[in-house]
Peer 1: 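Take a look at the following structure, please.
A, B, ... follow the sequence lines: proteins, then strands. Residue 1 opens every chain.
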Number of protein chains: 2
Amino acid sequence: MARAPRRGPYICGIDAALDVVSGKWKGLILWELDTHGVRRFAELRRALPGVSEKMLTQHLREMEEDGLVHREVYAEVPPRVEYSLTGHGRTLNQALVPLGAWGTQRARREGFAAVEVAGDAGG
Amino acid sequence: MARAPRRGPYICGIDAALDVVSGKWKGLILWELDTHGVRRFAELRRALPGVSEKMLTQHLREMEEDGLVHREVYAEVPPRVEYSLTGHGRTLNQALVPLGAWGTQRARREGFAAVEVAGDAGG
DNA sequence: CGGTATCCTACACGATACTG
DNA sequence: CAGTATCGTGTAGGATACCG
């Protein structure tokens with residue numbers, strides 16, 4: 001059970017980017033880490049209401065493997081693991097800003113509840 | 001079997017936007033229609049190598065319902081149906097440009113084959 | 001605290017056949 | 001040409017239990 005992302009070959013850039021952000025919680029993880037800089041596992045869990053440990057771990061591992069997320073493990077008791085974005089993770093986030101704004105506009109137009117989360121580009 | 005997209009409530013704008021572009025061929029359909037302006041069913045089919053009629057129809061219907069695509073039916077024999085982007089479809093495409101560029105860069109970095117398709121932002 | 005392991009379900013996607 | 005109908009499959013995602 002290693003990888004969800006296909007890792008190419010891709011038909012176009014959108015295809016390649018979507019391969020890396022698809023996953024129910026990845027967008028949120030990106031925003032959360034971008035906003036707070038560094039987050040612990042339990043903090044991310046609280047920030048993503050409804051996520052299971054399994055999915056959070058799995059997404060985090062895939063994003064780490066995709067070079068988006070850095071995982072820092074501290075040899076302490078109780079254990080502490082801190083997650084943060086890599087440079088590529090931050091540039092991806094930048095690239096997602098217009099899309100986030102579009103989505104927020106659309107949700108507003110359609111009358112859907114788009115709960116504002118810290119860092120949301122749509123204001 | 002009507003809808004794949006959830007139509008909210010969404011957690012943030014990215015969530016809302018991703019709900020509308022997720023689907024194996026939707027990104028490509030967007031690019032194809034944006035590039036050519038108007039495309040017939042069979043033309044789209046040829047532009048998306050490997051897509052089945054079922055998936056193409058399904059994606060097109062969902063995108064129509066999401067207000068992204070306009071479907072024009074001509075009462076002729078043989079039948080003719082033309083697809084084009086709505087205003088919202090075009091703004092979505094604009095919002096996807098940076099993401100496409102990011103994906104192209106990434107594919108290049110990682111050495112994956114990112115086949116250039118007409119309209120690709122990274123090209 | 002920060003995970004793994006196991007089992008299960010829903011559904012996105014695909015293949016094939018048929019129709020106005 | 002532009003679909004619809006039906007069936008089959010892979011896998012993303014979820015529930016629960018256990019571990020260092």
Peer 1: Going by salt bridge (Lys or Arg N to Asp or Glu O under 4.0 Å), name the residues that satisfy it together with A:Glu76, two or more places apart in sequence or in a different chain.
Peer 2: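 If we apply the salt bridge (Lys or Arg N to Asp or Glu O under 4.0 Å) test to A:Glu76, skipping adjacent residues, the hits are A:Arg80.
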
Peer 1: B:Leu18 and B:Tyr10: side chain to side chain contact (heavy atoms under 4.5 Å, CB included), yes or no, with the steps?
Peer 2: CA-CA 10 Å; B:Leu18 250 24; B:Tyr10 301 113; over 6 Å; no

Peer 1: Could you please name the option among C:dG3, D:dT4, D:dA2 that lies closest to any side-chain atom of B:Pro79?
Peer 2: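 The listed nucleotide nearest to B:Pro79's side chain is D:dA2.
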
Peer 1: Could you tell me the separation between the CD atom of A:Glu62 and the P atom of D:dA12, rounded to a whole number of Å?
Peer 2: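 In whole Å, D:dA12 P and A:Glu62 CD are 7 Å from each other.
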
Peer 1: Measure CD/A:Gln58 against P/D:dA15 and give the value in whole Å, please.
Peer 2: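 Atom-to-atom, A:Gln58 to D:dA15, this comes out as 14 Å.
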
Peer 1: Listed by chain and number, what are the salt bridge (Lys or Arg N to Asp or Glu O under 4.0 Å) partners of A:Arg39, not counting sequence neighbours?
Peer 2: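 A:Arg39 satisfies salt bridge (Lys or Arg N to Asp or Glu O under 4.0 Å) with A:Glu32, A:Glu43 once adjacent residues are dropped.
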
Peer 1: Using only side-chain N and O atoms of A:His59, determine if any of them is under 4.0 Å from OP1 or OP2 of D:dG13.
Peer 2: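 Yes, within the criterion.
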
Peer 1: Have a look at A:Tyr83 and tell me which of A:Glu64, A:His70, A:Arg71 forms a side-chain hydrogen bond (donor to acceptor under 3.5 Å, both in side chains) with it.
Peer 2: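 For A:Tyr83, the side-chain hydrogen bond (donor to acceptor under 3.5 Å, both in side chains) test succeeds with only one of A:Glu64, A:His70, A:Arg71, which is A:Arg71.
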
Peer 1: For the pair made of NZ in B:Lys24 and C1' in D:dA12, what is the distance, rounded to whole Å?
Peer 2: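 In whole Å, D:dA12 C1' lies 14 Å from B:Lys24 NZ.
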
Peer 1: Take the C1' atoms of the five end pairs on each side of the helix from C:dC1-D:dG20 to C:dG20-D:dC1, derive the two axes, and give their angle rounded to 10 degrees.
Peer 2: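 What I find for the helix from C:dC1-D:dG20 to C:dG20-D:dC1 is an axis angle of 50°.
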
Peer 1: So, B:Thr86 side chain and B:Leu68 main chain: donor-acceptor pair closer than 3.5 Å or not?
Peer 2: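 Yes.
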
Peer 1: Is any side-chain N or O of A:Arg71 closer than 4.0 Å to OP1 or OP2 of C:dG2?
Peer 2: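 So the side-chain polar atoms of A:Arg71 never come under 4.0 Å of the phosphate oxygens OP1 or OP2 of C:dG2.
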
Peer 1: What is the separation between atom CD on B:Glu76 and atom P on D:dA2, rounded to the nearest whole Å?
Peer 2: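 Answer to the nearest Å: 10 Å.
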
Peer 1: Has the side chain of A:Arg61 got a donor or acceptor atom that lies under 3.5 Å from a matching backbone atom of A:Leu56?
Peer 2: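 Between the backbone of A:Leu56 and the side chain of A:Arg61 there is no qualifying donor-acceptor contact (under 3.5 Å).
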
Peer 1: Name all pairs fulfilling the salt bridge (charged side-chain N to carboxylate O under 4.0 Å, His left out) condition that reach into residues 89-99 of chain A, sequence neighbours left out, sorted by first residue then second.
Peer 2: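 Those involving residues 89-99 of chain A do not exist here.
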
Peer 1: Give a yes/no on whether any side-chain N or O of B:Tyr83 is located under 4.0 angstrom from OP1 or OP2 of D:dG3.
Peer 2: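 Yes, such a contact exists.
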
Peer 1: D:dA2 C1' sits how many Å from B:Arg39 CZ, rounded?
Peer 2: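 Answer to the nearest Å: 16 Å.
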
Peer 1: Where along residues 40-56 of chain A does a heavy atom fall under 4.0 Å from DNA chain D?
Peer 2: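 Of all residues in residues 40-56 of chain A, the ones placing a heavy atom under 4.0 Å from DNA chain D are A:Lys54, A:Met55.
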
Peer 1: For B:Asp15 and B:Ile11, indicate whether the former's side chain and the latter's backbone hold a donor-acceptor pair under 3.5 Å.
Peer 2: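 Checking the backbone N and O of B:Ile11 against the side chain of B:Asp15, a donor-acceptor pair under 3.5 Å is found.
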
Peer 1: Only pairs under 3.5 Å count here: list side-chain donor-acceptor contacts from residues 91-98 of chain B, not counting sequence neighbours, and write none if there are none.
Peer 2:
unit_1, atom_1, unit_2, atom_2, d
B:Thr91, OG1, A:Trp102, NE1, 2.9
B:Thr91, OG1, B:His88, O, 2.9
B:Asn93, ND2, B:Leu30, O, 2.9

Peer 1: Once you round it to whole Å, what is the distance between P of D:dT4 and CG of B:Leu60?
Peer 2: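 Going from B:Leu60 (CG) to D:dT4 (P), I get 10 Å.
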
Peer 1: Under 4.0 Å: is that the gap between some side-chain N or O of A:Arg61 and OP1 or OP2 of C:dT4?
Peer 2: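 Yes.
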
